[in-house]
Amino acid sequence: MPSCNNSLPQPLIFILAGIPGLDSSHGFFSVPFFLIFVITVVGNVTILCIIRMEKSLHEPMFLLLAMLSGVDLCLVSVTVPRILGIFWMDAKEISFDACLTQMFFIPSFYVMESGILLAMAFDRFVAIWYPLRYTTILDDSMLVKMALTVLARAVAVLTPAPILAKRLESFQTHIIGYSYCAYMAVVMIACGDISNHIIYGLMVIVASVGFDLFFIILSYGLILHAVFQIPSWEARGKALSTCGSHLCVIGLFYSPVVFSVLAQILGYHMAPHLQIIIDNLYFLVPPMVNPLIYGARTKQMREWVLRIFHCQRD
């Protein structure tokens with residue numbers, strides 16, 4: 001329970017600290033953040049355009065990739081411009097309502113991305129276990145149902161966050177030690193009993209990332225079981241190669257979360273500025289790298305990119 005000898009009423013405006021302790025380096029940090037934003041937008045827009053124009057990519061795996069790119073664009077759009085405003089213009093003030101809005105949308109898009117990665121794992125599972133029924137099982141109606149489920153789960157899990165935060169009546173300070181309005185960052189500066197908020201925060205992690213990671217691991221366990229039943233080593237390698245891009249994306253997406261959870265379990269306390277930098281990486285690096293991974297490993301996408309560069313030279 002936070003100590004609040006001189007508590008403040010619910011403020012109209014919060015102050016976002018950016019990266020506490022490194023205020024003088026905000027200009028330096030703005031360069032990689034801006035580059036990440038540009039690369040992410042260009043890469044994901046390119047992926048969406050290629051999938052739309054290339055008819056051979058109108059199959060479940062790439063339609064799910066298009067969903068992932070769309071969510072990635074939304075995630076960086078609600079995150080990076082605000083952070084750059086802090087770094088470039090010292091625009092640290094954010095209204096309470098805008099804070100609640102950001103508190104809902106940023107983790108919602110993150111949870112959606114996690115859900116799409118689970119859907120892509122299911123796609124690979126069906127492709128390996130039921131190759132002859134692949135397009136029948138994952139038809140357009142199934143993809144729509146999967147997309148709506150991912151959206152509904154994110155809304156259901158994250159809607160309570162701004163509602164609960166709105167009920168916080170007093171605070172130790174109006175300064176949030178983050179570069180964006182994170183739910184737990186706001187809760188930790190509130191006064192009174194915050195145990196219910198902490199329990200809710202843990203439930204969000206378990207019901208989203210924990211749930212998805214468990215079933216992704218289960219899917220790949222079954223995939224490996226099926227692959228090693230194939231007698232030919234060449235056929236095994238070909239089957240596993242179709243999962244390579246997805247495994248790279250999964251490792252990149254979940255490794256910061258796993259690292260952060262393990263650090264807390266083992267009692268390792270990171271410096272606040274390092275924790276905030278890692279938290280930003282949760283949201284920024286996967287959307288930037290996803291199109292690079294799929295673009296490098298997909299023949300049709302490589303050909304389209306080379307064709308674009310060739311036209312520009314001409």
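All heavy atoms count here, side chains included; hydrogens, waters and symmetry mates do not.
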- Task: Give a yes or no on whether the ring-centroid distance for F33 and F37 is below 6.0 angstrom.
- Result: no

- Is it the case that one hydrophobic cluster holds both I216 and L218, taking links as side-chain heavy atoms less than 4.5 Å apart, direct or via other members? yes

- Query: Has H58 got more than 12 heavy atoms of other residues, nucleotides or ligands less than 6.0 Å from its NE2?
  - Reply: yes

- Query: What heavy-atom pair brings D72 and P286 nearest, and what distance separates the two atoms?
  - Reply: OD2-O, 4.5 Å

- Residue from L224, V227, L222 passing side-chain contact (heavy atoms from CB on, under 4.5 Å) with I128: V227

- For the pair V150 and M146, evaluate side chain to side chain contact (heavy atoms under 4.5 Å, CB included) and give the outcome as yes or no after the intermediate values. CA-CA 6 Å; V150 167; M146 291 167 72; 5.6 Å; no

- Quick one: closest heavy-atom pair of A17 and G177, and the distance? CB-CA, 3.8 Å

- Item | Main-chain N/O of M188 paired to Q172 side chain as donor or acceptor, under 3.5 Å | yes

- Message: Could you tell me if the side chain of L35 sits less than 4.5 Å from the side chain of M288, heavy atoms only?
- Response: no

- Message: Is it the case that atom CG in D139 sees more than 12 heavy atoms from other parts of the structure closer than 6.0 Å?
- Response: yes

- Query: Where is the tightest heavy-atom contact between L84 and S30, given as atom of each residue plus distance?
  - Reply: CD2-O, 3.7 Å

- Hey, mind stepping through W129 and H225 against side chain to side chain contact (heavy atoms under 4.5 Å, CB included) and telling me if it holds? CA-CA 10 Å; W129 273 75; H225 175 73; 4.0 Å; yes

- Could you tell me if the ring centre of F171 sits under 6.0 Å from that of F14? yes

- I276 reachable from I175 in the ILVMFWY side-chain graph, under 4.5 Å edges: no

- Message: Taking V187 as the starting point, is it possible to reach V206 by hopping between hydrophobic residues whose side chains are less than 4.5 Å apart?
- Response: no

- Query: Do D193 and S195 have a side chain donor and acceptor closer than 3.5 Å?
  - Reply: yes

- Would you find a donor on one side and an acceptor on the other, under 3.5 Å apart, between the side chain of Y200 and the backbone of A161? yes

- Would F96 and L12 satisfy side chain to side chain contact (heavy atoms under 4.5 Å, CB included), going step by step from the backbone distance to the final call? CA-CA 5 Å; F96 190 76; L12 295 176; 5.8 Å; no

- Message: For a 4.5 angstrom cut-off between non-hydrogen side-chain atoms, does L16 reach C181?
- Response: yes

- Item | L100 with I163, same ILVMFWY side-chain cluster at under 4.5 Å | no

- Item | L292 with F34, same ILVMFWY side-chain cluster at under 4.5 Å | no

- Look up atom CD1 in I15 and atom NZ in K92, then write down how far apart they are to the nearest 0.5 Å. 8.5 Å

- Quick one: closest heavy-atom pair of L143 and P60, and the distance? CD1-CA, 4.0 Å

- Message: How long is the straight-line distance from CG of L64 back to CZ of F62, given to the nearest 0.5 Å?
- Response: 10.5 Å

- Task: Find out whether L48 and L73 are in side-chain contact, i.e. whether some heavy atom of one side chain is under 4.5 Å from a heavy atom of the other.
- Result: yes

- Between CD1 of I250 and CD1 of I217, what distance do you get to the nearest 0.5 Å? 9.0 Å

- Message: Does any part of the side chain of L117, heavy atoms only, come nearer than 4.5 Å to the side chain of Y254, both counted from C-beta?
- Response: yes

- Message: Nearest 0.5 angstrom please: H246 NE2 to Y220 OH, how far?
- Response: 4.5 Å

- Task: Quick one: pull up CZ in R82 and CD1 in I86 and give me the separation to the nearest 0.5 Å.
- Result: 6.0 Å

- Query: Can you tell me how far the CE atom of M184 sits from the CD1 atom of I198, to the nearest 0.5 Å?
  - Reply: 5.0 Å

- Query: Do the non-hydrogen side-chain atoms of Y130 and F125 ever get within less than 4.5 Å of each other?
  - Reply: yes

- Query: In terms of heavy-atom contacts, does CZ of F105 have more than 12 from other residues, nucleotides or ligands at under 6.0 Å?
  - Reply: no

- Query: So V249 and M120, side chain to side chain contact (heavy atoms under 4.5 Å, CB included) or not? Walk me through it.
  - Reply: CA-CA 11 Å; V249 170; M120 294 172 86; over 6 Å; no

- Query: So do I83 and F29 actually touch side chain to side chain, heavy atoms under 4.5 Å?
  - Reply: no

- Item | A121 to I223 - nearest heavy-atom pair and separation | O-CD1, 4.3 Å

- Does the ring centre of F253 sit less than 6.0 Å away from the ring centre of Y110? yes

- Message: A side-chain contact here means heavy atoms from C-beta on lying under 4.5 Å apart; do R153 and D212 qualify?
- Response: yes

- Message: Apply the hydrophobic cluster definition, ILVMFWY joined by side-chain contacts under 4.5 Å directly or through others, and give me every member besides V144.
- Response: L148

- Minimal non-hydrogen separation, P287 against E113, with atom names: CG-OE1, 4.3 Å

- Query: When the ring planes of F215 and F211 are compared, do they come out parallel, tilted or perpendicular, using 30° and 60° as the limits?
  - Reply: tilted

- For the side chain of D123 and the backbone of A119, is there at least one donor-acceptor N/O pair under 3.5 Å apart? no

- Is there a side-chain contact between I51 and I47, using heavy atoms and a 4.5 Å cut-off? yes

